[in-house]
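A quick write-up on the structure given underneath.
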Amino acid sequence: MPIRRLPEETVNRIAAGEVIERPASVVKELTENAIDAGATRIEIVTAAGGVALLRITDDGFGIPRDELGLAVERHATSKLDAGLDDIRTLGFRGEALASIGAAARLTLASRARGAADAYEIAVEGGSVGDIRPAALGPGTRVEVRDLFFATPARLKFLKSERAEAAAITEVVKRLALAHPAVRFTLAGSDRVELTYPAADTVAERVAAVMGADFATDSLGIDALREGVHLSGYAGLPTAGRATAAAQYFFVNGRSVRDRQLSGALRAAYTDAIARDRHPVAALFIDLDPALLDVNVHPAKAEVRFRDPGLVRGLIVSAIREALADGGMRTSRTRAEATLAAFAPRSAPARPIYPTVPARPLVAAGFAEEIQAPFAAFTPSAVAAPAVNQADEGLTLGAALAQIHDTYVVAQTRDGLVIVDQHAAHERLVYERLKRAHGHTVPRQILLLPEVVDLPADDVARLAERGPELAELGLVVEPFGPGALLVSETPAMLGAVDVRGLVRDLADEIAEFERTTGLKERLDRVASVMACHGSVRAGRRLKAAEMDALLREMEATPNASECNHGRPTYIELKLADIERLFGRR
Ligand code: ADP
Ligand code: MG
């Protein structure tokens, strides 16, 4: 067959395939147009997941009658004044209306600012109709019916009505987060109506979209580096989720999905959150448009930074700083939750009487004798604090007892502290390992080197990281193609399950292989090791061990959370306890 130029209609349908993937893409394009037109109110109506009907109405500056024809033409735009290097609008490709018109039945009605009348133009499967008068207030209304009727192949790829409706909601949420001053409503026969009233602040809109919980369980971020401004909210580690779906990034007001940005977020939380948990965040990056390429993707969902390292570094350091400052707040909120759980309704119906005779509480060996968990809370226990004066100033107080072989109870000057021994020990080992970077940590030689069976690629990966692992106290070498020989382990881990440790390390290294720098890599390895080396819950501690644990926690940074983001201790103030007993 000879080479031919494709007819305009076919070209538009091909383009439509790139720009318009599903109903949610149409909503994104049309709502972005409304925002670019300076709208303050945008109404979106959908039916049947957006396939039967999408209608977007705005109060923006509209389109003059004599430009309606151009608006639906491909590569026709009013937005690219300053060229591709200085894009300040959401649209710039001049493709959306043409693409939608090629794939569906589109009616574009508009009354331009200052004009007395409204006009409309229709496009059905690529054929453009005449301009006719319409009834409309100032602004623009775009109606799309029978989406993909002209490109039926695409229809087959759509998910259920409900899934498409949900994808539209997600698009509207993202746009709403980026444009708090605009009022959005999303309604239709296929959904529960959603309204975001115009908000005065980003915080207000973030709370409306992401929930009031996120507003209280997050830290404000505001940092500037070399002209790049990062702002927004980063969730507390304890508010982490099972997926990364609640992570929102905006670059110059444009919602983007960018692996580099999510990678930076992950890196910022490495110390703070479990590997299988994902932080919640809404982060806004604003920078000179000249330092950005937004013309990477037909749907404009990706961007390229001129200096990706700068943006990444800014995210990592700003969030880490906020997390370090916010650590104490985490434990505070949790203590409040604990108090709520202690509320009188849940108190036992009968008072608990002493079950063990009064005795000095910090005597060596006491821990072994505690049987009933309530014993430590008996009136006699409170009445006989054997805490010496020197201990009173200690933040975590003096260890009184261990309960359920899992928690250490300590008395402070003005309250009591309950420590999760496993979580606390894990954080301590982790911080010790991290401090050891640069000089080798003490190792113990295994009496019998252990051979661990592993897939060949894992063996290769671990062997390749051999020198780094050795620095952290783990000495490994390949043992044939499918096994690894472990001869030494970090001394501070004690007796450790070598197989479990090596397998987890292999997973971890496979995951971060290409994405992170040396320092982060070592931190993540340290995190895996710490988890394996920790004092297990259920191990009985001697009084001296308990005190040693508390003293080391006081001396360790970030000690209020384990490296999975769980708290290591909670604190109840005496005043709180008195309130529980109605003394205040
Ligand atoms: P782009 O947004 O990339 O310019 P579109 O195909 O989405 O391309 O829109 C083409 C043109 O139509 C826009 O440049 C704009 O001038 C006009 N337009 C589209 N939607 C609206 C709207 N809601 N209000 C005002 N003008 C609009
Ligand atoms: Mg557009």
Side-chain angles (χ1 to χ4, degrees), residues 8 11-21 24-45 54-84 86-104 106-115 117-123 126 128 131 134 136-144 147 171-172 174-175 178-179 182-185 252-255 289 293-301 303:
E8 171 85 5
V11 172
N12 277 341
R13 283 184 191 169
I14 292 174
E18 289 181 335
V19 182
I20 308 298
E21 194 196 341
S25 346
V26 176
V27 171
K28 173 178 176 291
E29 292 296 335
L30 297 181
T31 310
E32 286 186 350
N33 280 347
I35 292 167
D36 282 344
T40 62
R41 303 168 69 99
I42 300 175
E43 281 169 25
I44 302 156
V45 174
L54 287 169
R55 186 167 52 229
I56 285 88
T57 311
D58 69 59
D59 63 352
F61 51 62
I63 306 170
R65 180 188 191 281
D66 59 353
E67 288 180 17
L68 280 175
L70 268 181
V72 297
E73 231 173 73
R74 205 151 88 94
H75 302 317
T77 178
S78 57
K79 302 178 189 174
L80 218 46
D81 271 8
L84 278 173
D86 191 23
I87 291 172
R88 290 169 193 273
T89 47
L90 294 169
F92 58 88
R93 299 170 61 101
E95 276 187 323
L97 291 180
S99 299
I100 298 165
L106 169 92
T107 310
L108 169 66
S110 195
R111 180 164 144 196
R113 192 160 288 172
D117 304 302
Y119 294 89
E120 68 180 28
I121 190 168
V123 188
V128 183
I131 292 172
L136 189 73
T140 302
R141 181 183 65 211
V142 185
E143 207 169 83
V144 179
L147 182 60
V171 159
V172 173
R174 287 173 185 269
L175 288 161
H179 303 278
V182 178
R183 174 193 166 89
F184 290 85
T185 56
N252 286 359
R254 187 187 299 281
S255 163
D293 186 357
V294 291
N295 187 24
V296 183
H297 190 270
K300 298 163 290 180
V303 292

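The structure displayed is predicted, hence computed values, not measured ones. Start at 1 and go down the list; that is how both ligands and their atoms are numbered.
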- Query: Which is it for N33 and K79 under the side chain to side chain contact (heavy atoms under 4.5 Å, CB included) test, yes or no, and what are the steps along the way?
  - Reply: CA-CA 10 Å; N33 280 347; K79 302 178 189 174; 3.1 Å; yes
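Scanning all heavy atoms of the two residues, the minimum distance from E120 to A134 falls at OE1-CB, 3.6 Å. Looking at every heavy atom in both residues, V144 comes nearest to L147 through CG1-CD1, 4.3 Å. The two residues E32 and L175 come nearest to each other via the heavy atoms CG-CD2, 3.9 Å.
When distances to the Mg ion (ligand 2) are checked against a cut-off of 2.8 Å, N33 contributes an N, O or S atom below that limit.
Given atom 6 (O) of ligand 1, the protein heavy atom at minimum distance is L97 N, 2.9 Å. At the shortest separation from atom 18 (N) of ligand 1 among protein heavy atoms lies I63 CD1, 3.6 Å. Of the protein's heavy atoms, A71 CB, 3.5 Å lies nearest to atom 12 (O) of ligand 1. Looking only at heavy atoms of the protein, atom 16 (O) of ligand 1 is closest to S78 OG, 2.5 Å. Atom 2 (O) of ligand 1 has its closest protein heavy atom at K79 NZ, 2.7 Å. For atom 7 (O) of ligand 1, the nearest protein heavy atom (residue, atom name, distance) is N33 ND2, 2.8 Å.
Side-chain atoms of I100 and L30, non-hydrogen and from C-beta on, do get closer than 4.5 Å to each other. Annotation: side chain of V172 is not in contact with side chain of T31 (no heavy-atom distance under 4.5 Å).
The local environment of CZ in R41 is sparse, with at most 12 non-hydrogen atoms from other residues, nucleotides or ligands closer than 6.0 Å.
Which parts of ligand 1 touch G91 is read off a 4.0 Å heavy-atom cut-off, strictly below it: atoms 2 (O), 3 (O). Of all the atoms in ligand 1, the ones that sit under 4.0 Å from a non-hydrogen atom of G94 are 1 (P), 3 (O), 4 (O), 6 (O), 8 (O). Every atom of ligand 1 is numbered from 1 in the order shown, and the set under 4.0 Å from a heavy atom of A76 is 10 (C). Short contacts between ligand 1 and T77, defined as distances under 4.0 Å to a heavy atom of the residue, involve ligand atoms 1 (P), 4 (O), 14 (O).
Of the possible donor and acceptor atoms, one in the side chain of R254 sits under 3.5 Å from a partner among the backbone N and O of L90. Listed for the S110 side chain is a donor-acceptor partner under 3.5 Å among the backbone atoms of G139. Listed for the D58 side chain is no donor-acceptor partner under 3.5 Å among the backbone atoms of A39.
Taking only nitrogen or oxygen atoms, main chain and side chain alike, L30 does not reach within less than 3.5 Å of ligand 1.
Distances shorter than 4.0 angstrom do not occur between any heavy atom of G60 and any atom of ligand 1.
Residue A37 touches ligand 1 through its side chain alone, judged by heavy-atom distances below 4.0 Å. Residue S110 does not touch ligand 1, judged by heavy-atom distances below 4.0 Å. Contacts of E95 with ligand 1, taken as heavy-atom pairs under 4.0 Å, involve the backbone alone. Only the side chain of D58 comes within 4.0 Å of ligand 1, judged by heavy-atom distances.
Atom CG of L68 and atom CG of L108 lie 5.5 Å apart (nearest 0.5 Å).
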